[in-house]
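What follows is one structure encoded as structure tokens, with my remarks underneath.
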Amino acid sequence: MATLNIIAAHKLPSPASSSFAAQSQKPNFLSLFCTQTFSKPDPSWLLGFSTRKKRNSTVGSVTEDREVVPLKEKHAEDQDSSLLVNGSEEFEAVSSSSAYSEGRGEGDDLEKLTSRAINALIVLGFGTFAVSKLLTIDHDYWHGWTLYEILRYVPEHNWIAYEQALKANPVLAKMMISGVVYTLGDWIAQCYEGKPLLEFDRKRMFRSGLVGFTFHGSLSHYYYQFCEALFPLEDWWVVPAKIAFDQTVWAAIWNSIYFVVLGFLRLESPIKIFDELKATFWPMLTAGWKLWPFAHLVTYGLIPVEQRLLWVDCVELIWVTILSTYSNEKSESSISEASSGADSASSSSNSPKD
């Protein structure tokens, strides 16, 4: 019985609990508001909230960026200002070097123009002197002569004057001819190397003419007399023998003299001159074999002894071009190698060390 009462008490609701349930089932305004607000949220409200949240985050990030950017810009300005302060000397050096290069270019143009004017005056002066001396050989006898008669007798009377000079002083006459020929030959060599006609190197041309005047004329005068004494016969083999002797012994001696004297006139050291001579001796000797054997067929076969140097000097205009080209090419190449070596040494010494 007691058990039934307990079960009944558990199953049957009490009046108080039933009244509480009835009250809880009545509609409450607060519960309705909470249910509508938190149980089923409005999507538009959530969208507005998220948009507002993003906007706030965006504004915050922009604000942070604006707070960071001035620092970076300030840092860049500091670096630029430091670079400007530290690099001001470099900037001034670059500007001064550019101004110096411009001034140097203008100075080089002026110097080149002046050198060209001097060369033109030299060519015009010596050319006028030579032509006037050749044309006025008979000026004491021009009275009553026509222009045709003057030009007609100019070659003949100049030849007579040359023969008289050979009889009066043969060595000096041949020295004068060789000096003129070696000067003109070096000028032709410079033009052959690519220089303009009036931009020749006066010092180089003077050195070549000086060697021709002091050595070639006098030595050639005595050499041809010695060659005639060495081969006094007039057989058919004498001419080939003289040519062979000329193109071996005499050519080797004269090429060496020309090269060594030019080196000393350029103020080069004896070791350097010897090295350059050793490098160019054989090429110069073999180059002569392409020209002189054919020219010496006329020299030793047809020309008298006293007139041989004049013929040889006419051919020398071609040969001096070859000789001067060989000599100066070797000297300029050694100078360029020395300057390039000095530049590389200076650049390696100025390079920063790790």
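Source: prediction; values computed, not measured. Numbers here simply count residues along the sequence, with the first being 1.
- L210 and F264 fall within the same hydrophobic cluster, where Ile, Leu, Val, Met, Phe, Trp and Tyr residues are linked whenever their side-chain heavy atoms come under 4.5 Å apart, directly or through other members.
- Put simply, OH on Y162 and CG on L166 are 4.0 Å apart, with the number rounded to the nearest 0.5 Å.
- More than 12 heavy atoms of other shown residues, nucleotides or ligands fall within 6.0 angstrom of atom CZ in F245.
- The aromatic ring centres of Y141 and Y153 sit 6.0 Å or more apart.
- For the side chain to side chain donor-acceptor pair (under 3.5 Å) test, no residue two or more places apart in sequence or in another chain qualifies with N169.
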Would you check, one step at a time, whether the test side chain to side chain contact (heavy atoms under 4.5 Å, CB included) holds for D138 with I150? CA-CA 8 Å; D138 296 325; I150 293 174; over 6 Å; no
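- Here the side chains of V180 and M176 are not in contact, with every heavy-atom distance at 4.5 Å or above.
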Checking Y223 against W254 for the ring pair (Phe, Tyr, Trp, His ring centres under 6.0 Å) test, could you report, in this order, the C-alpha distance in whole Å, the side-chain angles of both residues, the deciding distance, and whether it holds? CA-CA 11 Å; Y223 161 71; W254 172 242; over 10 Å; no
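- For the pair S178 and G212, the tightest heavy-atom approach, listed with the atom from each and the gap, is CB-O, 3.2 Å.
- Counted within 6.0 Å of NE2 on H157, heavy atoms from surrounding residues, nucleotides or ligands total more than 12; the atom is thus considered enclosed.
- Interatomic distance, CG of L267 versus CG of L265, reported as 8.0 Å (0.5 Å rounding).
- Counting heavy atoms from C-beta outward, R202 and F200 have side chains that approach closer than 4.5 Å.
- Atom CZ of residue F274 and atom CZ of residue F281 lie 11.0 Å apart, to the nearest 0.5 angstrom.
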Determine, step by step, whether R116 and E111 satisfy the salt bridge (charged side-chain N to carboxylate O under 4.0 Å, His left out) criterion, reporting the C-alpha distance in whole Å, the side-chain angles of both residues, the deciding distance to 0.1 Å, and the verdict. CA-CA 9 Å; R116 189 180 298 176; E111 183 179 357; over 6 Å; no
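- More than 12 heavy atoms of other residues, nucleotides or ligands shown are found within 6.0 angstrom of CG on L230.
- The shortest side-chain heavy-atom distance between E199 and S115 does not fall under the 4.5 Å cut-off.
- In this structure, Y258 is a member of the same hydrophobic cluster as F206, with clusters built from ILVMFWY side-chain heavy atoms closer than 4.5 Å.
- Listed here is the closest heavy atom pair of I318 and L291: CG2-CD2, 4.2 Å.
- Residues W142 and E149 fail the side-chain proximity criterion, which asks for heavy atoms closer than 4.5 Å.
- T299 and Y224 share no donor-acceptor pair across their side chains, judged by distance under 3.5 Å alone.
- The shortest side-chain heavy-atom distance between V260 and L277 falls under the 4.5 Å cut-off.
- Between V181 and D313, the shortest heavy-atom contact is CG1-O, 3.1 Å.
- Taking CG of L121 as the reference point, atom OG1 of T128 lies at 10.5 Å (rounded to 0.5 Å).
- Contacts of N255 classified as side chain to side chain donor-acceptor pair (under 3.5 Å), with partners at least two apart in sequence or in another chain: none.
- For the pair E306 and Q225, the tightest heavy-atom approach, listed with the atom from each and the gap, is OE2-NE2, 4.1 Å.
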Start with the C-alpha gap between W292 and W311, add the side-chain angles, then the distance that decides, and say whether ring pair (Phe, Tyr, Trp, His ring centres under 6.0 Å) holds. CA-CA 12 Å; W292 284 112; W311 160 252; 8.7 Å; no
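- Between the side chain of D186 and the backbone N or O of S208 there is no donor-acceptor pair closer than 3.5 Å.
- R308 and S220 are not linked by any side-chain donor-acceptor pair at a separation below 3.5 angstrom, with hydrogens and angles left out of the test.
- To the nearest 0.5 Å, atoms CZ (F231) and CZ (F226) are separated by 8.5 Å.
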Evaluate the criterion side chain to side chain contact (heavy atoms under 4.5 Å, CB included) for residue pair L309 and H216; output intermediate values, then yes/no. CA-CA 10 Å; L309 186 59; H216 184 263; 3.7 Å; yes
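- Distance alone, capped at 3.5 Å, places no donor-acceptor pair between the W319 side chain and the G185 backbone.
- For residues 150-164, the set of pairs meeting the salt bridge (charged side-chain N to carboxylate O under 4.0 Å, His left out) definition, not counting sequence neighbours, is empty.
- No continuous path of hydrophobic side-chain contacts links F294 to V239 [ILVMFWY only; heavy atoms under 4.5 Å].
- Y222 and S218 make their closest contact through CD1-O, 3.0 Å (heavy atoms, listed as atom of the first residue, atom of the second, distance).
- Scanning both residues, G209 and T183, for their nearest heavy atoms gives CA-OG1, 3.2 Å.
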Could you walk me through whether E193 and R204 satisfy the salt bridge (charged side-chain N to carboxylate O under 4.0 Å, His left out) test, starting with their C-alpha distance in whole Å, then the side-chain angles of each, then the deciding distance to 0.1 Å, before giving a yes or no? CA-CA 13 Å; E193 293 169 6; R204 170 182 162 179; 2.9 Å; yes
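- To the nearest 0.5 Å, atom OH of residue Y300 and atom CD of residue E228 are 8.5 Å apart.
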